[in-house]
Novice: 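I'd like to ask you about the structure that follows.
Sequence positions, counted from 1, serve as the residue numbers for this chain.
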Amino acid sequence: MLVNMRDLLADAQEGNYAVGSFSVANMEMVLGVLKAAKELKAPVILQIAEVRLKQSPLEIIGPLMVAAAEAADTPVAVHFDHGKTLEKIGQALDLGFTSVMFDGSHLELDENIAMTKKVMEMAQDYDAAVEAEIGCVGGSEDGSEDIAINCTKLEDAVRFETETNVDALAIAIGNAHGNYKSTPKLRFDILEEVEKNTDVPLVLHGGTGITPDDFVKCSHTGIKKINIATATFDMVENTVHKCYNDGGINGYYDLQAAEVEGAYQNAKKHILIFGTDNKA
């Protein structure tokens with residue numbers, strides 16, 4: 001069933017776990033994620049980032065995501081990730097997305113706060129949740145930029161929550177988008193301080209490559225939404241390659257089934273790590 005992300009994160013705060021937010025690019029990925037959610041009785045979030053709309057136009061993928069969530073057996077929020085423009089954020093809201101992210105991490109704090117508040121006013125008409133970001137998560141969502149990590153400052157997080165009352169806040173604690181060149185060293189000291197001094201559900205971007213133990217520690221230290229993008233795309237690609245190499249693809253529908261299987265296996269793995277199974 002289609003639900004508001006705000007409710008999923010409130011349940012996660014109460015239950016001391018994190019909800020997986022899985023990036024999707026086509027119907028097969030959506031089907032794979034929801035297959036895992038149904039099997040494990042888990043709430044999930046389906047998301048797509050603005051930078052990915054060149055490959056998956058919002059007016060096509062958006063209604064598909066919303067319809068799939070409405071028909072799902074478990075609670076599913078539909079999220080617009082890394083929104084950069086008010087135009088596309090507004091389009092996602094019109095299409096029925098139940099949460100949107102404004103990514104103002106590249107802006108000065110004052111401007112980030114002002115723009116986030118503007119997006120919250122837009123979302124209010126739809127009763128949709130809003131996620132924001134402060135500090136700079138490394139890399140970039142599409143791998144086109146090598147953005148340096150700039151860890152979130154505690155005083156900025158406190159001020160941001162106080163002035164915006166945003167529904168979810170992505171912070172930078174040494175995490176990065178894409179595949180890590182080496183094992184990331186997360187700044188749990190920063191995470192602990194932010195959790196201690198704020199009430200807002202925290203979000204971890206750049207989940208690919210983080211160890212299961214660190215995921216669990218994050219989920220018990222204020223992180224209530226964990227984004228998984230690169231791992232999904234990599235698993236789908238690798239599953240298709242393996243099926244071709246093993247002679248398991250003898251036509252289009254075998255290819256389609258392999259894509260679904262890749263997204264399913266990836267979502268299942270992360271749902272179990274995040275502790276979201278049997279939470280629907």
Side-chain angles (χ1 to χ4, degrees), residues 4-6 9 21 23 45 47-54 58 77 79-95 97-178 187 190-191 193-206 222-227 229:
N4 194 299
M5 187 179 79
R6 192 184 297 122
L9 301 189
S21 194
S23 290
I45 301 165
Q47 68 178 22
I48 187 164
E50 182 164 341
V51 74
R52 296 294 185 182
L53 299 183
K54 187 186 296 184
L58 189 57
H79 177 68
F80 187 61
D81 196 38
H82 285 285
K84 299 284 190 181
T85 63
L86 296 183
E87 177 197 358
K88 286 300 178 185
I89 290 171
Q91 186 182 358
L93 290 168
D94 283 339
L95 289 171
F97 280 51
T98 58
S99 69
V100 293
M101 177 191 181
F102 172 67
D103 181 357
S105 59
H106 57 292
L107 303 173
E108 292 295 325
L109 188 63
D110 286 348
E111 191 178 352
N112 192 355
I113 288 172
M115 289 297 295
T116 298
K117 288 165 86 169
K118 188 174 289 190
V119 171
M120 291 183 73
E121 286 175 17
M122 293 170 60
Q124 195 169 13
D125 293 337
Y126 302 84
D127 190 33
V130 175
E131 176 184 334
E133 181 177 326
I134 55 174
C136 274
V137 174
S140 65
E141 186 67 22
D142 63 347
S144 64
E145 296 178 82
D146 189 16
I147 298 169
I149 295 168
N150 179 17
C151 289
T152 301
K153 298 180 178 69
L154 172 62
E155 59 270 27
D156 290 350
V158 171
R159 182 184 162 201
F160 203 96
E161 180 190 27
T162 302
E163 294 192 21
T164 66
N165 198 29
V166 74
D167 297 292
L169 185 61
I171 62 172
I173 55 170
N175 44 318
H177 294 113
R187 291 287 304 275
I190 294 174
L191 178 58
E193 284 298 308
V194 173
E195 184 209 15
K196 198 183 302 179
N197 290 280
T198 62
D199 295 317
V200 62
L202 303 175
V203 181
L204 184 72
H205 287 234
I223 297 289
K224 297 299 137 194
K225 173 178 178 274
I226 299 177
N227 286 18

Novice: Which heavy-atom pair separates Thr116 from Phe160 by the least distance, and what is that distance?
Specialist: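 Smallest interatomic distance, heavy atoms only, reads OG1-CZ, 3.4 Å.
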
Novice: Kindly indicate whether the side chain of Val158, heavy atoms from C-beta on, has any atom under 4.5 Å from the side chain of Thr198.
Specialist: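 Answer yes - side chains close enough.
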
Novice: Quick one: pull up CG in Leu109 and CG in Asp156 and give me the separation to the nearest 0.5 Å.
Specialist: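 Rounded to the nearest 0.5 Å, the CG-CG separation comes to 4.5 Å.
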
Novice: Looking at Val200 and Val166, what are the two nearest heavy atoms and their distance?
Specialist: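 Between these two residues, the closest heavy atoms are CG2-O, 3.4 Å.
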
Novice: Distance check, rounded to the nearest 0.5 Å: Lys88 atom NZ versus Leu95 atom CG?
Specialist: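 With rounding to 0.5 Å, NZ (Lys88) is 9.0 Å from CG (Leu95).
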
Novice: Heavy atoms, side chains only, cut-off 4.5 Å: are Leu9 and Lys225 in contact?
Specialist: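 The answer is yes; the side chains approach within 4.5 Å.
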
Novice: Do the non-hydrogen side-chain atoms of Glu133 and His82 ever get within less than 4.5 Å of each other?
Specialist: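 Contact flag for Glu133/His82 side chains = yes.
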
Novice: Salt bridge or not for Lys118 and Glu121, using N-O below 4.0 Å?
Specialist: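 No, no charged N to carboxylate O under 4.0 Å.
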
Novice: Could you tell me which non-hydrogen atom of Val130 sits nearest to which non-hydrogen atom of Asp167, and how far apart they are?
Specialist: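 Heavy atoms only, the tightest pair is N-OD2, 2.9 Å.
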
Novice: To the nearest 0.5 angstrom, please state how far the CE atom of Met120 sits from the CG atom of Asn165.
Specialist: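 The CG atom of Asn165 is 5.5 Å from CE of Met120, to the nearest 0.5 Å.
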
Novice: Using distance alone, with no hydrogens and no angle criterion, decide if Glu131 and Ser99 have a side-chain donor and acceptor under 3.5 Å apart.
Specialist: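 Short answer, no.
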
Novice: Please confirm whether the backbone N or O of Ile113 pairs with a side-chain atom of Thr164, one donor and one acceptor, at under 3.5 Å?
Specialist: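 No: the side chain of Thr164 does not pair with the backbone of Ile113.
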
Novice: Heavy-atom count check: over 12 atoms from other residues, nucleotides or ligands less than 6.0 Å from Asp94 CG?
Specialist: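 Yes.
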
Novice: Can you tell me how far apart CZ (Phe97) and CE (Met5) are? Round to the nearest 0.5 Å.
Specialist: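 CE of Met5 is found 12.5 Å from CZ of Phe97.
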
Novice: Rounded to the nearest 0.5 Å, how far does CG of Asn227 lie from CG of Asp81?
Specialist: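 Rounded to the nearest 0.5 Å, the CG-CG separation comes out at 5.0 Å.
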
Novice: Contact between Phe80 and Leu58 at the side-chain level, heavy atoms closer than 4.5 Å - yes or no?
Specialist: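 Side chain of Phe80 against side chain of Leu58, heavy atoms only: contact under 4.5 Å found.
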
Novice: For the NZ atom on Lys153, are there more than 12 heavy atoms of other groups (residues, nucleotides or ligands in this structure) within a distance under 6.0 Å?
Specialist: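 Result for NZ/Lys153: open.
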
Novice: Could you check if a side-chain atom of Phe102 sits within less than 4.5 angstrom of a side-chain atom of Leu107, using non-hydrogen atoms only?
Specialist: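 Counting from C-beta outward, Phe102 and Leu107 do come under 4.5 Å.
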
Novice: Taking the side chain as every heavy atom from C-beta outward, state whether Ile173 and Leu204 have any atom pair closer than 4.5 Å.
Specialist: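 The answer is yes; the side chains approach within 4.5 Å.
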
Novice: Between Lys84 and Glu50, which heavy-atom pair has the shortest distance, and what is it?
Specialist: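 Nearest heavy atoms, Lys84 then Glu50: N-OE1, 2.7 Å.
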
Novice: Which heavy atom of Ile45 sits nearest a heavy atom of Ser21, and at what distance?
Specialist: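 What the structure gives for the nearest pair is CG2-OG, 3.1 Å.
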
Novice: I'd like to know if Glu155 pairs up with Arg159 as an ion pair, taking the criterion as any Lys NZ or Arg NE/NH1/NH2 lying under 4.0 Å from an Asp or Glu carboxylate oxygen.
Specialist: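 Salt bridge between Glu155 and Arg159, a charged N being under 4.0 Å from a carboxylate O: no.
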
Novice: Any side-chain heavy-atom pair from Leu169 and Glu161 closer than 4.5 angstrom?
Specialist: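 The answer is no, as the side chains (C-beta and beyond) never meet within the 4.5 Å cut-off.
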
Novice: Below 4.0 angstrom, N of the basic side chain to O of the carboxylate: do Asp127 and Arg6 qualify?
Specialist: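 Arg6 and Asp127: salt-bridged.
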
Novice: After noting the C-alpha distance and the side-chain angles of Ile190 and Leu154, does the key distance pass the side chain to side chain contact (heavy atoms under 4.5 Å, CB included) rule?
Specialist: CA-CA 7 Å; Ile190 294 174; Leu154 172 62; over 6 Å; no

Novice: For Lys117 versus Glu163, what's the shortest heavy-atom pair and its separation?
Specialist: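 Looking at all heavy atoms of both residues, the closest pair is CE-O, 3.6 Å.
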
